Engineer: 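Starting off with a structure, shown below.
Proteins come first, then strands; the chains are lettered A, B, ... in the order of their sequence lines, and each starts at number 1. Please read all numbers here as calculations on a predicted model, not as lab measurements.
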Number of protein chains: 2
Amino acid sequence: MSTKRSTWQKVAVRQALEESNGFASAQEIFQMIISTGLKLGLTTVYRALTELVESGDVDALASEDGETKYRFCSNDHHHHLICRQCGETVEFDLAGFEAATSELAAKHGFTSVTHSIELFGICEKCGVAS
Amino acid sequence: MSTKRSTWQKVAVRQALEESNGFASAQEIFQMIISTGLKLGLTTVYRALTELVESGDVDALASEDGETKYRFCSNDHHHHLICRQCGETVEFDLAGFEAATSELAAKHGFTSVTHSIELFGICEKCGVAS
DNA sequence: CTATCTGCAAAGTCTTTGCACTTTT
DNA sequence: AAAAGTGCAAAGACTTTGCAGATAG
């Protein structure tokens with residue numbers, strides 16, 4: 001059976017994701033790590049992220065530019081408001097929304113429902129700059 | 001200046017997107033069209049979709065599997081509940097949610113905010129089958 | 001020691017671009 | 001006829017896979 005091993009590469013990936021405020025693409029994480037002088041393959045980053053996703057610690061999300069973004073999954077389910085320009089992220093919680101979606105899904109006979117809610121906009125700083 | 005011309009290819013793309021209930025990827029649209037016997041290039045589909053997006057009629061959204069999904073931007077903004085297994089889609093409207101998101105965005109100083117809300121689950125038929 | 005992991009290079013997707021040809025206007 | 005559009009093939013970006021060598025336990 002598969003007993004996962006701990007390697008410095010996996011640790012580095014996890015740390016990089018933490019430092020990025022828990023929201024980064026594989027490519028970004030790769031750059032972060034090698035820019036510190038450490039050397040590892042891009043392949044390893046993808047594999048480490050896949051492992052984190054499978055373990056449930058991390059969540060994968062497709063972004064608008066074709067990259068997959070990764071972030072930590074907190075237990076208290078929250079969503080993000082993301083600046084399209086600078087990437088600044090605000091977490092938020094939507095009271096009542098979780099319940100509304102579950103109800104809606106049930107009404108249509110759907111089960112095992114997950115939801116993806118992300119808001120994209122221009123934050124205050126970037127709005128002024130333009 | 002660029003005056004857009006009307007071609008049967010663009011019409012076909014628009015129609016295919018309409019027939020797919022306004023939620024499909026470029027690849028899917030391409031398949032839909034050629035399966036009717038018409039012949040056109042994948043390139044053209046991408047270009048037609050890009051034009052629709054630029055004109056504001058259509059909205060592009062990154063999906064979890066790396067493809068970009070396209071859908072019509074209706075004024076009465078609605079969302080989708082999609083079966084992970086068979087792809088069946090139910091449209092829904094979330095009273096109050098639109099207002100809640102706008103308010104939230106404003107509170108954080110964000111402007112030009114768009115949102116992406118999709119629910120993924122297993123529909124009744126597929127749930128029984130498994 | 002040995003199952004697992006790493007990393008290179010090659011392959012696979014989806015999407016975009018260059019360029020000659022066709023079509024709308 | 002001329003500007004715009006089409007389609008092929010090649011290129012690009014992100015991600016996955018195969019395999020030999022390295023490593024954790």
Engineer: Just call it for B:Ser25: base, sugar-phosphate, or nothing, with non-hydrogen atoms closer than 4.0 Å on any strand.
Structural biologist: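 It contacts nothing in the nucleic acid.
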
Engineer: Quick one: are A:Leu40 and A:Phe30 in side-chain contact, heavy atoms under 4.5 Å?
Structural biologist: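 Side chain of A:Leu40 against side chain of A:Phe30, heavy atoms only: contact under 4.5 Å found.
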
Engineer: Would you find a donor on one side and an acceptor on the other, under 3.5 Å apart, between the side chain of B:Lys10 and the backbone of B:Leu52?
Structural biologist: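 Not a single qualifying donor-acceptor pair exists.
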
Engineer: If you only use heavy atoms from C-beta on, which nucleotide in C:dG18, C:dC14, D:dT15 is closest to the side chain of A:Gln27?
Structural biologist: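 Per side-chain heavy atoms of A:Gln27, the pick is D:dT15.
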
Engineer: Could you tell me the separation between the NZ atom of B:Lys69 and the CG atom of B:Leu17, rounded to the nearest 0.5 Å?
Structural biologist: 11.0 Å

Engineer: Report yes if a side-chain nitrogen or oxygen of B:Gln9 is closer than 4.0 Å to either non-bridging phosphate oxygen (OP1 or OP2) of C:dT23; otherwise report no.
Structural biologist: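 So the side-chain polar atoms of B:Gln9 never come under 4.0 Å of the phosphate oxygens OP1 or OP2 of C:dT23.
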
Engineer: State whether A:Thr44 places a side-chain N or O below 4.0 Å from either non-bridging phosphate oxygen (OP1 or OP2) of C:dG7.
Structural biologist: yes

Engineer: Hey, does the side chain of B:Lys4 come within less than 4.0 Å of D:dA4's phosphate (OP1/OP2), counting only N and O?
Structural biologist: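 For B:Lys4, the contact criterion (side-chain N or O under 4.0 Å from OP1 or OP2 of D:dA4) is not met.
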
Engineer: Pick one: which of A:Val45, A:Leu38, A:Thr44 meets side-chain contact (heavy atoms from CB on, under 4.5 Å) with A:Gln9?
Structural biologist: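 Exactly one option meets the side-chain contact (heavy atoms from CB on, under 4.5 Å) with A:Gln9, and it is A:Thr44.
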
Engineer: Looking at B:Tyr46, does any N or O in its side chain come under 4.0 Å of the phosphate oxygens OP1/OP2 on C:dT15?
Structural biologist: yes

Engineer: Identify whether any heavy atom of B:Thr43 sits under 4.0 Å from a base atom; if not, whether one sits that close to sugar-phosphate; answer base, sugar-phosphate or nothing.
Structural biologist: base

Engineer: Please state whether the base of D:dT23 and the side chain of A:Arg5 form at least one donor-acceptor pair under 3.5 Å?
Structural biologist: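 Counting by modelled atom types and ignoring angles, a donor-acceptor contact under 3.5 Å is found here.
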
Engineer: Should A:Thr68 be listed as having a side-chain N or O under 4.0 Å from OP1 or OP2 of D:dT15?
Structural biologist: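 Affirmative; the distance criterion is met.
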
Engineer: NA contact type, B:Leu42, heavy-atom cut-off 4.0 Å: base, sugar-phosphate, or nothing?
Structural biologist: base

